[in-house]
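When a ligand or atom number is given, it counts from 1 through the structure's own listing order.
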Amino acid sequence: MRQSITLLGLFICLHCPAPSVGFQTTSLNQYKARRVTHRLPAASFDSSDSAPIKLPKQLKKKALTTFPRYLEIECWKRPELRGLEPVLQAVAEACKQINRIVQRAQTDDVYGVAVDVAGNPLEENVQGEVQQKLDVLCNTIMMQAFCGSSCNIHSVASEEDDEPRCCADVMNDSVFGQGEYIAVFDPIDGSKNIDASLPVGSIFGIYRTQPGKPVNADSFLQDGNSLVAAGYCLYSATTILVLTLGSGVDGFTLDPDVSRFLHTHQDIRIPSNGAIYSFNEANYNDFDEPVQKYLSALKHGSSSIKKRSTARYIGSMVADVHNVLINGGIYGYPRTLGNKEGKLRLLYESAPMAMIMEQAGGAGSTGSRRILDVKPKETHQRVPTFLGSIENVFELDQFYKYYSDEQVNGNTSEQL
Ligand code: FBP
């Protein structure tokens, strides 16, 4: 009878080789203490004067604050954010535009491979992927939202562009590109899903420029702890914009009747653990041993998370991560034999999502360190990504700690 070893009250079945007692040096509380370092207190503000939207009687809608009103209040409370108000307003409008395009992709023939004027498929992008029509279209919409909405964004980096671009070039006007912020984004994540009408999303993050330094490609090589704001928009059964300004996480659902994002999810808190695991298990044999052991522990019901695990994988990071954010659990895109650093891009996919997770009380890990501690070496760098409830990600990190004999990232053992 294989024994179970209690790890800080956590059980891991020993279908795996018996770990020696005491291999775990980090307690869950220590692990928790090392995350969510900055959550500014929410200053009280009575919103009684935010006039609810008056709508026809038959549709009794909840009196919800609109996104612009929410931003106005947040920027009133935190003057240092005022420069972002027009930018985030424009991003919300861009998400509405992308939502409409995604919904009309089939009827308006805006799906499939992007072609040049002669009708030839465009060259592969820096990711080595053939760009979809929607990738190009949504990239332009997001670019213009960030660059054209004010002079506050200096430059932008997108999944669809090889190099970061100065907003003065994007807008072809030197008035732009003077700002103290830079933005990163993935305009349409999971775009392969569109042809099958499955959920997709947009992801974005905003950093400050580094004072006294010229703004160039290196300005984007900041670790995620420097993110000022991060968000995503999920285009699915409902369209929801999720945002953090470093003081918790809020969600805004698009009301299609009035085309307004309404504050439906206040101060989202991810459950401390959950039954959902979201991995593309077709890659199982290519996963690291720790991940293989972790997934088999989940399936053998010997995970510390005393819940019957259930697999969910939509194949669109925004959709899978949102599912975990709301219901608890873990999403993972580990490194594989083919992708030594995994598939997801640190700067405009994993880091913004990790900030949202931590601000909601969850965790974002590479398996051996916080994703937010990883300083990118180049714009399109990839990173193994595990996002979700703090106890689920903690347990996965323990498997890495125990099984991973070679440090995923060299000097990380004390970083967990
Ligand atoms: P893109 O940004 O190129 O769409 O890739 C990211 C992504 O689509 C994620 O949204 C998703 O989680 C993952 O790749 C799916 O990859 P796979 O098909 O290998 O499981």
**Student:** Give the ring-plane orientation class for Phe67 versus Tyr70, where under 30° counts as parallel, over 60° as perpendicular and anything between as tilted.
**Tutor:**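 Parallel, since the angle between the ring planes stays under 30°.
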**Student:** Give the contacting part of Phe279 toward ligand 1: side chain, backbone, both or neither, where contact means a heavy-atom distance below 4.0 Å.
**Tutor:** neither
**Student:** With disulfide (SG to SG under 2.5 Å) as the criterion, how do Cys151 and Cys167 come out once you've worked through the C-alpha distance, each side chain's angles and the decisive distance to 0.1 Å?
**Tutor:** CA-CA 8 Å; Cys151 306; Cys167 285; over 6 Å; no
**Student:** Quick one: which ligand 1 atoms are inside 4.0 Å of a heavy atom on Glu349?
**Tutor:** 2 (O), 6 (C)
**Student:** So which protein heavy atom does atom 14 (O) of ligand 1 come closest to, and at what separation?
**Tutor:**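 Atom 14 (O) of ligand 1 sits closest to the protein heavy atom Lys343 NZ, 2.9 Å.
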**Student:** Measuring from the heavy atoms of Asp186, does anything fall under 4.0 Å of ligand 1?
**Tutor:**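 Yes; Asp186 lies near enough to ligand 1 that a heavy-atom distance drops under 4.0 Å.
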**Student:** Give the numbers and elements of all ligand 1 atoms closer than 4.0 Å to a heavy atom of Asn280.
**Tutor:** 17 (P), 19 (O), 20 (O)
**Student:** Walk me through it: do Thr385 and Tyr331 pass the test side chain to side chain donor-acceptor pair (under 3.5 Å)?
**Tutor:** CA-CA 8 Å; Thr385 299; Tyr331 162 88; over 6 Å; no
**Student:** Could you tell me, atom by atom, which parts of ligand 1 come under 4.0 Å of a heavy atom of Ser191?
**Tutor:**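 Matching atoms, with element in brackets: 4 (O).
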**Student:** Taking Asn193 for its side chain and Ile314 for its backbone only, find out whether a donor-acceptor pair lies under 3.5 Å.
**Tutor:**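 Checking the backbone N and O of Ile314 against the side chain of Asn193, a donor-acceptor pair under 3.5 Å is found.
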**Student:** Taking 4.0 angstrom as the limit, do Glu341 and Lys377 come out as a salt bridge?
**Tutor:** no
**Student:** Measuring from atom 9 (C) of ligand 1, which candidate in Glu281, Lys192, Met317 has the nearest non-hydrogen atom?
**Tutor:** Met317
**Student:** Just verifying a value: how many Å separate Ile203 CD1 and Phe185 CZ, rounded to the nearest 0.5 Å?
**Tutor:**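 It is 12.0 Å, given to the nearest 0.5 Å.
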**Student:** Looking only at distance, does Ile188 have an N or O less than 3.5 Å from an N or O of ligand 1?
**Tutor:**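 No, there is no polar N/O contact under 3.5 Å.
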**Student:** To which protein heavy atom is atom 6 (C) of ligand 1 closest, and what is the distance rounded to 0.1 Å?
**Tutor:**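 Result: Asp189 OD1, 3.4 Å.
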**Student:** List ligand 1 atoms under 4.0 Å from Gly190, heavy atoms only on the residue side.
**Tutor:**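 Listed by number with element, the hits are 4 (O), 8 (O), 10 (O).
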**Student:** Give me the nearest non-hydrogen protein atom to atom 19 (O) of ligand 1 as residue plus atom name, then the distance to 0.1 Å.
**Tutor:**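 For this ligand atom, the closest protein heavy atom is Tyr333 OH, 2.6 Å.
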**Student:** Can you sort out which atoms of ligand 1 are near Glu159, meaning under 4.0 Å from one of its heavy atoms?
**Tutor:** 1 (P), 2 (O), 3 (O)
**Student:** Can an N or O of Asp320 be found at a distance shorter than 3.5 Å from an N or O of ligand 1?
**Tutor:**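 No.
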**Student:** Students should be able to answer this: which protein heavy-atom is nearest to atom 12 (O) of ligand 1, and at what distance?
**Tutor:**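 Here the nearest protein heavy atom works out to Tyr331 OH, 2.9 Å.
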**Student:** Between Asn99 and Thr239, does the side chain to side chain donor-acceptor pair (under 3.5 Å) criterion hold? Intermediate values first, please.
**Tutor:** CA-CA 7 Å; Asn99 182 58; Thr239 296; 2.6 Å; yes
**Student:** Check Phe394, Phe386, Phe399 against Tyr294 for a ring-ring contact (aromatic ring centres under 6.0 Å, His included) and give me the one that passes.
**Tutor:**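 Option passing the ring-ring contact (aromatic ring centres under 6.0 Å, His included) with Tyr294: Phe399.
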**Student:** For atom 3 (O) of ligand 1, which protein heavy atom lies nearest, and how many Å away is it?
**Tutor:** Glu129 OE2, 3.1 Å
**Student:** Can you name the atoms of ligand 1, numbered from 1 with element, that are less than 4.0 Å from a heavy atom of Ser316?
**Tutor:** 10 (O), 12 (O)
**Student:** Just need the protein heavy atom nearest to atom 20 (O) of ligand 1, so name the residue and atom and give the distance.
**Tutor:**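 Nearest protein contact, heavy atoms only, for atom 20 (O) of ligand 1 is Tyr313 OH, 2.6 Å.
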**Student:** Are Glu85 and Arg82 within salt-bridge range, i.e. N to O under 4.0 Å?
**Tutor:** no
**Student:** Report the C-alpha distance between Glu281 and Lys299 in whole Å, list the side-chain angles of each, state the deciding distance to 0.1 Å, and finish with yes or no for salt bridge (Lys or Arg N to Asp or Glu O under 4.0 Å).
**Tutor:** CA-CA 12 Å; Glu281 287 197 82; Lys299 281 181 260 185; 2.5 Å; yes
**Student:** Which ligand 1 atoms does Arg345 reach within 4.0 Å, using its non-hydrogen atoms?
**Tutor:** 1 (P), 2 (O), 3 (O), 5 (O), 6 (C)
**Student:** Is the closest basic N to carboxylate O distance between Arg335 and Asp288 below 4.0 Å?
**Tutor:** yes
